[in-house]
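Below is one structure; the comments refer to it alone.
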Amino acid sequence: MTPLNSPLEVGVRALVLLAESHPQPLDLTQLVALDYLVLHSGEFDGPRSLHPDLPAREGELGRKRELLEQGLLVLIRAGLADLVGSDDGLMYVATENGPTFIEVLEAPYIASLRERAEWALRQYASPAHARSVTHQIINRAATGSASEGAGHG
């Protein structure tokens with residue numbers, strides 16, 4: 001198992017987002033966009049990015065959805081998240097245990113995730129914002145990657 005971007009790590013990031021949005025549920029599209037925002041917040045005039053600005057970071061979106069689904073299954077099996085139906089389709093929500101679990105984690109990385117999750121949810125939580133962010137990321141991949149300097153990373 002790879003330690004970086006494993007289903008467990010992605011699941012913890014998803015739980016931070018779900019805990020910060022609790023009791024409001026989020027759909028998978030929102031979670032994909034918000035996870036990207038949490039990691040690369042500096043690109044969107046937010047707090048300093050947690051992950052480095054690598055030239056091919058936009059390619060994360062393709063793999064992120066699958067990893068998030070796997071991570072969410074881990075959370076559901078652990079009783080930290082649940083899948084709920086709504087008029088908008090299937091949504092994910094933290095159980096009552098989800099925010100409590102995040103509260104007991106004391107690692108500095110978790111504190112940084114929580115700060116960025118709060119920022120991302122405040123700025124981009126709606127489904128329309130999630131689609132807009134996804135389009136921005138895709139457009140950056142199509143137009144910006146070739147013009148980015150080698151100094152990133």
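- Partners of Q123 under the side chain to side chain donor-acceptor pair (under 3.5 Å) rule, at least two apart in sequence or in another chain, do not exist in this structure.
- Put simply, the side chain of Y92 does not reach to within 4.5 Å of the side chain of L26, judged on heavy atoms.
- Taking 4.5 Å as the limit, some side-chain heavy atom of L39 sits within range of a side-chain heavy atom of R13.
- For R48, there are no salt bridge (charged side-chain N to carboxylate O under 4.0 Å, His left out) partners at least two apart in sequence or on another chain.
- Between D35 and V32, the closest side-chain pair of non-hydrogen atoms is not below 4.5 Å.
- In this structure, E103 CD and I110 CD1 are separated by 11.5 Å, a value rounded to the nearest 0.5 Å.
- Contacts of L90 classified as side chain to side chain contact (heavy atoms under 4.5 Å, CB included), with partners at least two apart in sequence or in another chain: L83.
- Residues A19 and P99 approach most closely at CB-CA, 3.8 Å, considering heavy atoms.
- Residues forming a side chain to side chain donor-acceptor pair (under 3.5 Å) with Q24 (at least two apart in sequence, or on another chain): none.
- Using modelled atom types, no side-chain atom of E118 and backbone atom of E115 make a donor-acceptor pair closer than 3.5 Å.
- No side-chain heavy atom of L72 sits less than 4.5 Å from a side-chain heavy atom of E69.
- Within the structure, salt bridge (Lys or Arg N to Asp or Glu O under 4.0 Å) pairs that include any residue of residues 78-87 do not occur (at least two apart or interchain).
- Closest heavy-atom contact between A117 and L17: CB-CD2, 3.7 Å.
- Legend: residues meeting side chain to side chain contact (heavy atoms under 4.5 Å, CB included) with Y124, ordered by chain and number and at least two apart, are L34, L37, F44, W119, H129, V133.
- Using a 4.5 Å heavy-atom threshold, the side chains of L80 and L18 count as separate.
- Checking side-chain atoms of S41 against main-chain N and O of R116 turns up no donor-acceptor pair under 3.5 Å.
- Listed by chain and number, the residues in a side chain to side chain donor-acceptor pair (under 3.5 Å) with E20 are R114 (sequence neighbours excluded).
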Working note: V12 + L15, criterion side-chain contact (heavy atoms from CB on, under 4.5 Å); need CA distance, chi angles, decisive distance, verdict. CA-CA 5 Å; V12 169; L15 183 57; 5.5 Å; no
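- Applying the side chain to side chain contact (heavy atoms under 4.5 Å, CB included) test to V84 and every residue at least two apart in sequence or in another chain returns P25, M91, V93.
- In this view, T100 satisfies the side chain to side chain contact (heavy atoms under 4.5 Å, CB included) rule with no residue, not counting sequence neighbours.
- Under a 4.5 Å side-chain heavy-atom cut-off, the cluster of Ile, Leu, Val, Met, Phe, Trp and Tyr residues that includes L73 has no other member.
- Shown here for L75 and A14, the closest heavy-atom pair between the two residues is CD1-CB, 4.3 Å.
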Show your reasoning for whether side-chain contact (heavy atoms from CB on, under 4.5 Å) applies to R65 and T29. CA-CA 8 Å; R65 187 176 188 90; T29 301; 3.7 Å; yes
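- Every residue meeting the side chain to side chain donor-acceptor pair (under 3.5 Å) condition with E96, not counting sequence neighbours, appears here in chain and number order: H22.
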